[in-house]
Amino acid sequence: MNSSILQLHNITYSYHSLTGEIPALSDISFSVKQGEFLAIVGPSGCGKSTLLSIIARLLQPEAGTILFQNPNGSLEYPRTGYMLQHDHLLEWRTIFRNVMLGLEIAHQETPENTAYAEKLLADYELYKFKDKHPSELSGGMRQRAALIRTLVMNPDILLLDEPFSALDYQTRLSVSGDIGHIIRSTGKTAILITHDLSEAISLADRIIILSQRPAVVKKELSIHLSKTDNSPLAARSAPEFHHYFNLLWKELSHEK
Ligand code: ADP
Ligand code: MG
């Protein structure tokens, strides 16, 4: 985990509407290392989703530059995969056909890719549900299926925009733990947006705190927890946890 996969330099972005200009991001700079798990927290409406759209190259920054370094050394942009609050699984397709959707659209349903999709389903305990439809699965299983659908495209960077917010608290705890584990074990770089401070501390290597809109980077916090295992509960009961929580809480309560 040494070279950076992504560097943002002085990114600024405003929306333009009939009623005027809405400045969303102001002079945002930070970098993300290969294999790092970064969380971004900030008040609602401060520009977090806008920032992810810029990283995904769906929006062009108004000012500033964004540098990508492909982890395999090639000059191509690293591939980004998106995961959102709603799983957007298609009800009329089975779980397997949902997981294969991106590959099908990209005409990449090769035997290797199909085997990889099956392996991910097996590794993450969804294989026996592969012929079921989304409505037959729990919210947590659906979110795991949505992650697998993203992973089969083999992205270099995973962009997670509040992916657990639609889940109830109990499910959210276990699914965020599962998903954190899947991302770590596949060695992916991840950028997670969340408004749940405990979730950010328990999953991330580093947290970036954004201010009110237009967002600036208020603080960066590296997270080091002495934990016994990788479960979300172990992270939450680590001795350092409350220290980080208080720091984040203090920073964000100035932003209300
Ligand atoms: P967050 O994800 O932090 O809640 P967003 O990045 O979605 O915030 O939005 C930042 C600000 O930009 C908000 O005030 C929002 O209302 C505004 N905004 C977002 N999308 C658009 C758009 N397409 N047109 C105009 N304003 C927008
Ligand atoms: Mg958002």
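It should be emphasised that the depicted structure is a prediction, and the values quoted were computed from it without experimental measurement. Heavy atoms only: backbone and side chains are in, while hydrogens, waters and symmetry mates are out. Atoms within each ligand, like the ligands themselves, are counted from 1 in listed order.
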Can you tell me the protein heavy atom closest to [atom] and the distance?
| atom | result |
| --- | --- |
| atom 5 (P) of ligand 1 | Thr50 OG1, 3.6 Å |
| atom 4 (O) of ligand 1 | Gly45 N, 2.8 Å |
| atom 19 (C) of ligand 1 | Tyr15 CE1, 3.4 Å |
| atom 7 (O) of ligand 1 | Ser49 CB, 3.7 Å |
| atom 8 (O) of ligand 1 | Gly47 N, 3.2 Å |

Query raised in the report: How about atom 14 (O) of ligand 1: does it have a protein heavy atom within less than 4.0 Å?
Result: yes
Report task. Please indicate, with yes or no, if any protein heavy atom is found under 4.0 Å from atom 21 (C) of ligand 1? Result -> yes
Got a salt bridge between [X] and [Y], using NZ or NE/NH1/NH2 to carboxylate O under 4.0 Å?
| X | Y | value |
| --- | --- | --- |
| Glu136 | Arg142 | no |
| Lys119 | Asp123 | yes |
| Asp87 | Arg149 | no |
| Lys188 | Asp156 | no |

Report task. Could you count the protein N, O or S atoms found under 2.8 Å away from the Mg ion (ligand 2)? Result -> 1
Report task. Classify the side-chain pair Ser53/Tyr13 by whether it contains a donor and acceptor separated by less than 3.5 Å. Result -> no
Query raised in the report: Looking at ligand 1, does any of its N/O atoms fall within less than 3.5 Å of an N/O of Ser44?
Result: no
Query - Nitrogen or oxygen atoms of Cys46 and ligand 1 under 3.5 Å apart - result: yes
Query raised in the report: Between the side chain of Glu104 and the main-chain N/O of Leu101, is any donor-acceptor distance below 3.5 Å?
Result: no
Query - Side chain Gln143, main chain Pro163, donor-acceptor under 3.5 Å - result: yes
Query raised in the report: Residues two or more places apart in sequence or in another chain: which of them pass side chain to side chain contact (heavy atoms under 4.5 Å, CB included) with Ala190?
Result: Phe37, Leu158, Leu160, Ile183
Report summary line: Nearest heavy-atom contact between Glu199 and Ser176 is OE1-CB, 4.2 Å
Report task. Decide yes or no for Phe96 and Glu118: does some side-chain heavy atom of the first lie under 4.5 Å from some side-chain heavy atom of the second? Result -> yes
